[in-house]
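This report concerns only the one structure given below.
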Amino acid sequence: MDSGKDRPGEDNEVSDDNHDDAMPMDCEGEDCEGQVCDEDGKVVCGTKCVDLTTSTRHCGQCWTNCGDGTCVDGQCDCRPGEAPCGREDEWVGLGGCVSEEAERCGPECVECEVEHGTPICDRGECKISQCAEGWGDCDTDFATGCEADLSLVENCGSCGIVCPKQANATPVCNQGKCELSCDANWGDCDGVVINGCETPLNTLTNCGGCSKACWIDNATATCDSGECELSQCNWGWDDCDGNPDNGCEVDLHSVENCGGCGVLCQFDNATATCATGDCKLLGCNQGWGDCDGSHGNGCETPLNTQDSCGSCGRNCLSGESCCNLRCVRVNGVDVNNCGACEKKCRPGEICDNGVCKCGSGSGCGAGQTCCLSGCEDTENDVNNCGTCGRKCPTGYSCCSGECVLKSSDVDNCGTCGNACGPDELCCSGTCADVMTSNNNCGSCGTFCSSGQTCCKGNCVNLLTDRMNCGSCRNSCVSGSDCCSGNCTDITKNNNNCGSCGFKCDPGKSCCARTCIDLSSDTQNCGQCGRVCSHLETCVNGNCQCPSGLINCGGVCVNISSDRNHCSGCGNQCPRGYNCKDSQCVCSQAACEYYAPTKSCRDKDGTACDGKARSTGCMCRCPNNHLEYPACEASAPCNSGGCTSGNLTCTGGTIKGWEIRPDYPYPACFEECGECDIPTDGSKVCVGTYSGSTLNLNCYCRDLDFGNWGFNLNNGPCNNGTCSPAGVCR
């Protein structure tokens, strides 16, 4: 590190707590730097005498500043996020504290910087850790950093990789790989880099791209510059819309484009043709003639005139008229042109000097009546309906001599004599079955809406109507509904459960209109309506009793303890017997043990002799009971027998005598009511007999555990007092 007075921040430095202004006398100025300045080993740093083991500004050596850290034993103890810069001989632990984010290196803790890369300090020397993506250190000089752009053809992807020049192409570096950039109108169609861009792209087979053919409908194409262009149209075709993509799209042999785009071929009152590419007059329309022989003005002459009747220059004679392109005498006897062209007489009439009249002799023909206007058909003439001069109202027709409305008359619907059927009405002149017609359902003009059909005069939806499901009059039975035109049992259909379209979830089935999980439902176990018995559960579609129980007649029972099904279904124990461990055994209540007589007897006092009783049980003495004499309160226990007389308990009253079969030796006990013991009820006192002598001392008995906890080892309770803990006092 540098020494001397010109240190950064030295002028503002505050003296360390451990420094001493005493300076050595045998040095001066910078020569004193680092020399010991007192007997404690402090040294000179600048103008101060400091302890290098604790000074945060001079830690380990002069001018090693720990910053916001501390100096411990001459080493900087840096804060989190900082690291020390060391001396050349010991890089770790003896330098100042700097941020870990900055690479610091060497004795001076200089910052390492690398252009286009990341630096690293390796044993006091700044080196390149790694280059940024797309850059490389090709000259291995730290000073120039990662100087090589690896996207250039000189170093493509890595140092020294040079992209070669190929035929008709320029080399390029694309994402670290050498590729070709073909020259204009050339392409790399075979995909082989070594031969460059080998294919010219200005031919009809490769026009602007590999295998891109140049073809234009009805025309000759050219590809000189890599673009497919129209050279010229084929004969009889033209590019009328100016769009080369659809080629020469117009046929010049049509009357709309005759010999050129938009050239219309037509003549007045005539038919034109352009079959040869020239516009020609093919023929005149009826009633017209080309009388001047000039095609330019078409067929200019009408042929219904007196001087050109039916053909050019044909003149009608005096008294004749040109009717329908021929000369006729309208004031003569022509019934088809009587009095005027195209005026026809009725059947049976004659034309008399241009007037239609009834025929002479027998008069009008069959079915006609001679009226003032001539022979009239009174059966069908609206002006003479049924009789001469009877005119039907507007809109009415005459049928069989009657004025009728053909639009609604069922006997003359649409035409006279067209009668409608029994279930039909005449609707707008058409017989319609109002029971089935969608346009006249129930009455004329009643339209069924979209999706409906007319059934028996009512508009219904065949997809949902229960009375007309799928087709008219197809009724669904009870429990079914009409779903999509099919009668469906909604009580058990999985796709229509309870109502149409309600689909059960996977794993569930439809039972009685409800989606049920048959694998676990106790009312529908395995199949709809299969009910599990009491206590049974449904497991995987099977009714099962709980563990340890079996099904007997629809009831889950424990055959190890059920007296009606002991060891098996229907195996009933006799009266007085219970089932225990799958065996019928005598009821414990049938016999009782009496110790005083060293015998057993049942409840009616009969001695237990091993014979069967009315209960069906054998009465025997239990083997696990001791046979001691049992005395009552009126006959106390005395030497194993019972004596007469009453006894008193000190401090209490006698409640009675009892024998304890679970006591470890023969004894008679007197139970005392009170004997100066706590009143919490947890302890009582008992009196005992010993031989023929009554012992009235009280002993403690622990009722919490239901046994006799006598403190016999401690002797009687003296004054008959028991402690709360059950200890005699």
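Every value quoted in this text rests on a predicted model; they were computed, and no experiment measured them.
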Return yes when atom CD of Glu342 has more than 12 non-hydrogen atoms of other residues, nucleotides or ligands closer than 6.0 Å, and no otherwise.
yes
Counting only heavy atoms not in Gln306 (residues, nucleotides, ligands), do more than 12 fall under 6.0 Å from its CD?
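Yes, the 6.0 Å shell around CD holds more than 12 heavy atoms from other groups.
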Run the side-chain hydrogen bond (donor to acceptor under 3.5 Å, both in side chains) check on Asp149 and Ser151 step by step: do they pass?
CA-CA 5 Å; Asp149 186 350; Ser151 64; 2.7 Å; yes
Does any part of the side chain of [Y], heavy atoms only, come nearer than 4.5 Å to the side chain of [X], both counted from C-beta?
| X | Y | value |
| --- | --- | --- |
| Val382 | Cys398 | yes |
| Lys177 | Asn174 | no |
| Ile490 | Arg513 | yes |
| Ser533 | Asn551 | yes |

Roughly how far, to the nearest 0.5 Å, is [atom2] of [Y] from [atom1] of [X]?
| X | Y | atom1 | atom2 | result |
| --- | --- | --- | --- | --- |
| Glu402 | Ser397 | CD | OG | 13.0 Å |
| Asn234 | Asn218 | CG | CG | 6.0 Å |
| Asp377 | Thr369 | CG | OG1 | 8.0 Å |

Between [X] (side chain only) and [Y] (backbone N and O only), is there a donor and an acceptor less than 3.5 Å apart?
| X | Y | answer |
| --- | --- | --- |
| Ser311 | Arg314 | no |
| Asn384 | Gly389 | yes |
| Asp238 | Gly260 | no |
| Asn468 | Arg473 | yes |
| Ser254 | Asn257 | yes |
| Ser499 | Phe502 | no |
| Asn297 | Glu300 | no |
| Asn412 | Gly417 | yes |
| Thr488 | Asn486 | yes |
| Asn496 | Gly501 | yes |

Worked check of disulfide bond (SG atoms under 2.5 Å apart) between Cys327 and Cys322:
CA-CA 4 Å; Cys327 295; Cys322 186; 5.5 Å; no
Under 3.5 Å side-chain donor-acceptor pair for Asp217 and Trp215:
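Judged by distance alone, the side chains do pair up.
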Between Asn524, Thr522, Asp517, Ile516, which is the residue that forms a side-chain contact (heavy atoms from CB on, under 4.5 Å) with Ser520?
Asp517
